[in-house]
Amino acid sequence: MNMKSVRDALQQGIYTVINPFVRLLIRLGFTPNAVTTTGLILNIGVAAIFIWGGEISNRGELGYVGWAGALVLFAGVFDMLDGQVARLGNMKSTFGAMYDSVLDRYSEMIMFMGICYYLISHHYLLSSLFAFIALIGSMMVSYTRARAEGLGVECKGGLMQRPERVVLIGVSAIACGITYYFVGADYKVYVPGIPFHIFETMSVFTLPITVMAVMTNITAYNRLMDSKKAMEQKEMATR
C-alpha cells in the first residue's frame, strides 16, 4: 500500500468519525463558508496564545506552547469539516472552494506569525528562522499546486500537505507542553566534546518545525518537477 492509499484510508476513517458532527452543523444552519471562517478565527486564537505567551512569560515557560498546540488541532478539525459540510449538505460552490483555499493560507500564515513571535521573544532565534522557512515552504506547497492546476496539470502528493503540517505542529506543541510539565524547562542533553547542548525541552517543538522547514520545500520542489514533466508530456502530445 503506497502513501497515497494510506492517506486516503486514514482520511475516510476520520470522515466516518466526524460525519455525525457534520450533520449536526448542517441542521444548525452552518454553511461551509461559516465553518471555514470559524477555523480562521480559531487560528487567530492560536497566534494570540503564542503572542501572549511571548509577552508575559519568561524563556523556558512552555505551558503556552502546549495550549496553543491543542487549539491548533481543534482548529485543524474545521479544515476537514468545511469540505464535508459542503458535500453532505449539497452546498458545493466554486467560490466556496476558493474561499476555503484563501482562508487556509491566512490561517497558516497567522499561526506561523504567532510561533515566530513567541520564538523571537524567548530568544530562540535560530528556531524562529526555521519556522519562517517552514512558512515559506508551506505557502509554496500550496502555490505550486494552485499554479499547476491553473495551467491544466494535476499537482498533488508529497509528505507535507496541510493536514500533515497541522498535525505535526499541534502534536509537537502539545508534547512540548507535557514534557515541560514533567521535566521542566531546564532539561538539556549534552554530548562529550561539544560545548553546547544538542537537545532541550523546547526542542520537542522546534525540531519538528525544522523537519517541516526541510520537507515542505522538498515537497514544493518535487511538485514543481512533476508539473514540468506533465506539461512537457502535454506539449509533446499536441505536436
Side-chain angles (χ1 to χ4, degrees), residues 39-76 78-79 101-145 158-180 185 187-189 196-223:
L40 173 64
I41 293 170
L42 290 173
N43 275 289
I44 292 172
V46 170
I49 292 174
F50 276 118
I51 292 171
W52 184 250
E55 281 294 307
I56 71 170
S57 65
N58 297 317
R59 178 184 169 97
E61 294 180 16
L62 307 179
Y64 288 95
V65 175
W67 287 112
L71 190 55
V72 166
L73 292 183
F74 184 61
F78 285 81
D79 285 341
S101 295
V102 171
L103 261 65
D104 280 353
R105 303 292 80 74
Y106 270 114
S107 292
E108 198 156 16
M109 287 188 286
I110 289 168
M111 177 189 69
F112 271 108
M113 177 187 70
I115 292 172
C116 288
Y117 189 97
Y118 182 90
L119 293 173
I120 292 171
S121 295
H122 286 187
H123 307 293
Y124 295 101
L125 300 181
L126 183 60
S127 294
S128 69
L129 175 62
F130 280 113
F132 187 71
I133 295 172
L135 170 60
I136 293 172
S138 298
M139 293 302 102
M140 292 311 299
V141 166
S142 300
Y143 180 77
T144 50
R145 175 179 176 179
L159 292 176
M160 276 295 158
Q161 300 180 59
R162 179 156 169 75
E164 289 93 329
R165 298 195 298 268
V166 169
V167 170
L168 183 61
I169 289 178
V171 170
S172 62
I174 292 172
C176 182
I178 293 173
T179 304
Y180 164 71
Y187 178 78
K188 293 179 174 62
V189 176
F196 52 86
H197 62 271
I198 62 169
F199 184 89
E200 60 181 319
T201 306
M202 187 60 168
S203 302
V204 176
F205 180 52
T206 56
L207 283 180
I209 289 179
T210 302
V211 171
M212 184 185 298
V214 175
M215 294 306 300
T216 51
N217 285 284
I218 289 176
T219 299
Y221 175 78
N222 287 339
R223 284 186 171 186

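Considering all non-hydrogen atoms of both residues, V65 and A173 come closest at O-CB, 3.4 Å. Listed here is the closest heavy atom pair of I110 and N43: CG2-O, 3.9 Å. Scanning both residues, I209 and A131, for their nearest heavy atoms gives CG2-CA, 3.6 Å. Shortest non-hydrogen contact noted between D104 and D79 is OD1-OD1, 3.2 Å. Residues G69 and I174 approach most closely at C-CG1, 3.7 Å, considering heavy atoms. Scanning both residues, S203 and P208, for their nearest heavy atoms gives O-CD, 3.7 Å.
With rounding to the nearest 0.5 Å, the separation of CD1 in I218 from CZ in R223 is 14.0 Å. To the nearest 0.5 Å, atom SG of residue C176 and atom CG of residue L207 are 10.0 Å apart. To the nearest 0.5 Å, the span separating CD1 on I49 from CE on M111 amounts to 12.5 Å. One distance of note links CG of L135 with CE of M140; it measures 11.5 Å at 0.5 Å rounding. With values rounded to the nearest 0.5 angstrom, Y106 atom OH is found 11.0 Å from I44 atom CD1. The CE atom of M160 sits 8.5 Å away from the OG atom of S138 when rounded to the nearest 0.5 Å.
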Step by step, work out the side-chain contact (heavy atoms from CB on, under 4.5 Å) result for L125 and L129. CA-CA 6 Å; L125 300 181; L129 175 62; over 6 Å; no
Apply the test side-chain contact (heavy atoms from CB on, under 4.5 Å) to residues S107 and R162: give CA-CA distance (whole Å), side-chain angles for both, the deciding distance (0.1 Å), then the verdict. CA-CA 11 Å; S107 292; R162 179 156 169 75; 3.9 Å; yes
Apply side-chain contact (heavy atoms from CB on, under 4.5 Å) to the pair I169 and I115, showing each step before the final yes or no. CA-CA 10 Å; I169 289 178; I115 292 172; 4.1 Å; yes
Would Y187 and F199 satisfy side-chain contact (heavy atoms from CB on, under 4.5 Å), going step by step from the backbone distance to the final call? CA-CA 8 Å; Y187 178 78; F199 184 89; 4.2 Å; yes
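Put simply, the side chain of L62 does not reach to within 4.5 Å of the side chain of V204, judged on heavy atoms. Put simply, the side chain of F130 does not reach to within 4.5 Å of the side chain of T206, judged on heavy atoms. When side chains are defined from C-beta on, Q161 does not count as touching T219, because their heavy atoms never get closer than 4.5 Å.
Using a 30° and 60° split on the angle between ring planes, F205 and F50 fall in the parallel class, below 30°.
S127 places no side-chain N or O within donor-acceptor distance of the main-chain N or O of Y124, the cut-off being under 3.5 Å. With R105 contributing its side chain and M139 its backbone, the two residues share no donor-acceptor pair below 3.5 Å.
Sorted by first and then second residue, the pairs that involve residues 44-66 and meet side-chain hydrogen bond (donor to acceptor under 3.5 Å, both in side chains), not counting sequence neighbours, are E55-Y117, S57-H122, N58-E61.
With a 6.0 Å radius and a threshold of 12 heavy atoms from other residues, nucleotides or ligands, F74 has its CZ atom at or below the threshold.
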